[in-house]
Amino acid sequence: NLETRLCDLKNSLTLEEASTQLKTLEKECVEMSARLSKIKSGSENVTPEQSEHIHNSYQTSTRHWRKRRRMTMDIVNTILEGYPKSKKEFIEEVGIETDEDYGVSLPSHT
């Protein structure tokens, strides 16, 4: 119990370190508050060019996501033709992370 307490004390910040960290975090908070105010007031608008660029990047990323997912599932299905276990067991055994594992789904075509 004393060893645990000693370890906790050694790992905790000194007063000087805590003071420095507090000042840094307060400064960051002020900067973030100012940025939030700008965003809320609408003075920092996105230009049409930036909007177009963001939309194009989104479309490209989604297209790549679909392509990679389709290629992966094609490979998995080809392997499964001669595999004695189920698709779920194979994916788990190989360690493939699916969108469903993370609760995400591909956005619909826009």
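Fair warning: this is a prediction, and the values are worked out from it, not measured in the lab.
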Worksheet item: How long is the gap from NE2 on H55 to OG1 on T60, to the nearest 0.5 Å?
Response: 9.5 Å
Fill in: Spacing of I91 atom CD1 and L80 atom CG [to the nearest 0.5 Å]
7.5 Å
Practice prompt. Working to the nearest 0.5 Å, report the span between OG1 of T14 and CD of E17.
Written response: 3.5 Å
Practice prompt. Please lay out, stage by stage, how D101 and T98 fare under the test side-chain hydrogen bond (donor to acceptor under 3.5 Å, both in side chains).
Written response: CA-CA 5 Å; D101 291 342; T98 63; 3.2 Å; yes
Worksheet item: If you look at every heavy atom in T62 and P107, which pair is closest and at what distance?
Response: CG2-CG, 3.9 Å
Discussion item. Check whether S33 reaches the backbone of C29 with its side chain - one donor and one acceptor, N or O, closer than 3.5 Å.
Written reply: yes
Discussion item. Within a 6.0 Å radius of atom CG on L15, are there more than 12 heavy atoms belonging to other residues, nucleotides or ligands?
Written reply: no
Worksheet item: Is it true that E31 and K38 have a side-chain N and a carboxylate O under 4.0 angstrom from each other?
Response: no
Discussion item. Is any side-chain heavy atom of S12 closer than 4.5 Å to one of D8?
Written reply: no
Discussion item. Membership question, hydrophobic clusters at under 4.5 Å side-chain separation (ILVMFWY): are M32 and V30 in the same one?
Written reply: no
Worksheet entry | Step-by-step side chain to side chain contact (heavy atoms under 4.5 Å, CB included) determination, K40 to S37 | CA-CA 5 Å; K40 281 185 176 179; S37 297; 5.8 Å; no
Practice prompt. Specify the closest pair of heavy atoms between W65 and S105, including all atoms of both residues, with the distance to one decimal.
Written response: CH2-O, 3.6 Å
Discussion item. Can you confirm whether Q50 is buried at CD, in the sense that more than 12 heavy atoms of other residues, nucleotides or ligands lie under 6.0 Å from that atom?
Written reply: yes
Discussion item. Assess the residue pair H53 and Y58 against the criterion (side chain to side chain contact (heavy atoms under 4.5 Å, CB included)); give the C-alpha distance rounded to whole Å, side-chain angles, the decisive distance to 0.1 Å, and a yes or no.
Written reply: CA-CA 9 Å; H53 176 72; Y58 175 78; over 6 Å; no
Practice prompt. Look up atom CE in M73 and atom CD1 in I75, then write down how far apart they are to the nearest 0.5 Å.
Written response: 9.5 Å
Fill in: Distance in Å, R66 CZ paired with S61 OG, rounded so as to fall on 0.5 Å steps
12.0 Å
Practice prompt. Supply the atom-to-atom distance K27 NZ to L22 CG, rounded to the nearest 0.5 angstrom.
Written response: 14.0 Å
Worksheet item: With a 4.5 Å heavy-atom cut-off, do R69 and T72 have their side chains touching?
Response: no
Practice prompt. May I ask you to test the E16-S19 pair for a side-chain heavy-atom distance under 4.5 Å?
Written response: no
Practice prompt. Would you indicate whether the side-chain heavy atoms of K87 and N77 approach each other to under 4.5 Å?
Written response: yes
Item to complete: Verify the cluster assignment for V94 and Y83: are they in a single hydrophobic cluster under the rule of side-chain heavy atoms below 4.5 Å apart?
Response: yes
